[in-house]
Engineer: 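Got a structure for you, questions after.
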Amino acid sequence: MPTAVRGDITTQQVDAIVNAANSAMRGGGGVDGAIHRAGGPAVLRDCIDRFPDGLPTGEAGWTTGGDLPSRWVIHTVGPNHRAGQTDRSLLTSCYRRSLEVADELGARSIAFPLISAGIYGWPKDDAIAAAVETISGARTAVQDVRIVAFDEGTFDQVSRRLA
Ligand code: AR6
């Protein structure tokens, strides 16, 4: 079962944090911008080296964490609900694939933001349900899985869903 945490994902003391990236994998706004700012240029360099053609929606891949407390950033591309990508299996795939990448890396702790729930406009309640269901149902060796909520209201919603 995941745990709910309130705060900024870039300060989490975990092996890997997950980035809600876009297919181009060259940075952006929201949590993506915060992660690139805190991780420094090594994160972008690694994105360019490892993902010259970007990453498809629903997929996940890793880079260094650069200057972050986390050793790795696992980048995943959520569906853009606002642009009409409403296939929920793409959203659940982001959580499943990120945990698979974490297992390949040997990560023991990971922190997720609410993928697609910001700029990509996935309805918050369902974004939380998708995160909790998929993480809870996944077979993974990761022992500490956190869902990081940026604001108090979202933290309360995630906590209620986990109760
Ligand atoms: N820590 C934790 N959560 C955060 C933080 C933070 N520092 N900053 C934002 N959130 P979003 P998306 C929350 O928009 O919807 C970018 O431009 C935020 O409140 O970051 O998947 C990418 O490059 C929301 O609940 O990601 C893509 O183009 C959640 O993180 C696009 O945005 C996700 O919001 C991806 O949009």
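We're numbering straight along the sequence, starting at 1. Counting starts at 1 for both ligands and their atoms, following the listed order.
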Engineer: How would you list, by chain and number, every residue that makes a side-chain contact (heavy atoms from CB on, under 4.5 Å) with Ala60, sequence neighbours excluded?
Structural biologist: Ile74, Thr76, Arg97, Ser98, Val101

Engineer: Nearest to atom 13 (C) of ligand 1, what protein heavy atom do you find, and at what distance?
Structural biologist: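 Going by distance alone, atom 13 (C) of ligand 1 is nearest to Phe150 CB, 4.2 Å.
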
Engineer: Kindly say whether Val77 contributes a backbone atom to a donor-acceptor pair with the side chain of Thr57 at under 3.5 angstrom?
Structural biologist: no

Engineer: A side-chain contact here means heavy atoms from C-beta on lying under 4.5 Å apart; do Leu105 and Arg71 qualify?
Structural biologist: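 Leu105 does not reach Arg71 side chain to side chain.
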
Engineer: For ligand 1, which atoms sit closer than 4.0 Å to a heavy atom of Asp32?
Structural biologist: 22 (C), 23 (O)

Engineer: Quick one: does any side-chain atom of Asp103 pair with a main-chain N or O of Thr140 as donor and acceptor, under 3.5 Å?
Structural biologist: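 Answer holds: no.
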
Engineer: Should you measure from each heavy atom of Gly30, which atoms of ligand 1 turn up under 4.0 Å away?
Structural biologist: 20 (O)

Engineer: Considering the heavy atoms of Asp8, write down every atom of ligand 1 situated less than 4.0 Å from one of them.
Structural biologist: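 Once the distances to Asp8 are compared, the set is 1 (N), 6 (C), 7 (N).
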
Engineer: Would Tyr120 and Asn22 count as a side chain to side chain contact (heavy atoms under 4.5 Å, CB included) here? Give the steps.
Structural biologist: CA-CA 10 Å; Tyr120 279 176; Asn22 58 61; 3.2 Å; yes

Engineer: Counting non-hydrogen protein atoms only, what is the nearest one to atom 15 (O) of ligand 1? Give residue, atom name and distance.
Structural biologist: Gly118 N, 2.8 Å

Engineer: Quick one: nearest non-hydrogen protein atom to atom 20 (O) of ligand 1, plus distance?
Structural biologist: Val31 N, 2.7 Å

Engineer: Under a 4.0 angstrom heavy-atom cut-off, which atoms of ligand 1 come close to Ala20?
Structural biologist: 21 (O), 22 (C), 26 (O), 35 (C)

Engineer: Any nitrogen or oxygen of Lys124, side chain or backbone, less than 3.5 Å from one on ligand 1?
Structural biologist: no

Engineer: For atom 16 (C) of ligand 1, what is the closest protein heavy atom, and at what distance to 0.1 Å?
Structural biologist: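 In this structure, atom 16 (C) of ligand 1 has Gly29 O, 3.3 Å as its nearest protein heavy atom.
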
Engineer: Suppose we measure from atom 32 (O) of ligand 1 to each protein heavy atom; which comes out shortest, and what is that distance?
Structural biologist: Ile119 CD1, 3.3 Å

Engineer: Under 3.5 Å, N or O to N or O, is Thr10 touching ligand 1 that way?
Structural biologist: no

Engineer: Compare all side-chain heavy atoms of Thr3 with those of Leu162 and state whether any distance is below 4.5 angstrom.
Structural biologist: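 Not touching, per the 4.5 Å side-chain cut-off.
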
Engineer: Decide yes or no for Asp32 and Asn19: does some side-chain heavy atom of the first lie under 4.5 Å from some side-chain heavy atom of the second?
Structural biologist: yes

Engineer: Would you say Asp151 has any N or O atom under 3.5 Å from an N or O of ligand 1, going by distance alone?
Structural biologist: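 No.
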
Engineer: Counting distance only, does the side-chain N/O of Ser70 pair as donor-acceptor with the main-chain N or O of Trp72 below 3.5 Å?
Structural biologist: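 Answer holds: no.
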
Engineer: Quick check: does any side chain N or O of Ser23 sit under 3.5 Å from a backbone N or O of Pro56, one acting as donor and the other as acceptor?
Structural biologist: no

Engineer: How far is atom 1 (N) of ligand 1 from its nearest protein heavy atom, and which residue and atom is that?
Structural biologist: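 Looking at atom 1 (N) of ligand 1, the protein heavy atom closest to it is Ile9 N, 2.9 Å.
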
Engineer: Which protein non-hydrogen atom lies closest to atom 33 (C) of ligand 1, naming both residue and atom, and how far is it?
Structural biologist: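 Atom 33 (C) of ligand 1 sits closest to the protein heavy atom Leu114 O, 3.1 Å.
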
Engineer: Could you check if a side-chain atom of Pro113 sits within less than 4.5 angstrom of a side-chain atom of Val148, using non-hydrogen atoms only?
Structural biologist: no

Engineer: Note the single closest protein heavy atom to atom 21 (O) of ligand 1, along with its residue, its atom name and the distance in Å.
Structural biologist: Ser116 N, 2.9 Å

Engineer: Show which atoms of ligand 1 fall inside a sub-4.0 Å distance from at least one heavy-atom site of Gly7.
Structural biologist: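 Those of ligand 1 that fall under 4.0 Å from Gly7 are 1 (N), 2 (C).
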
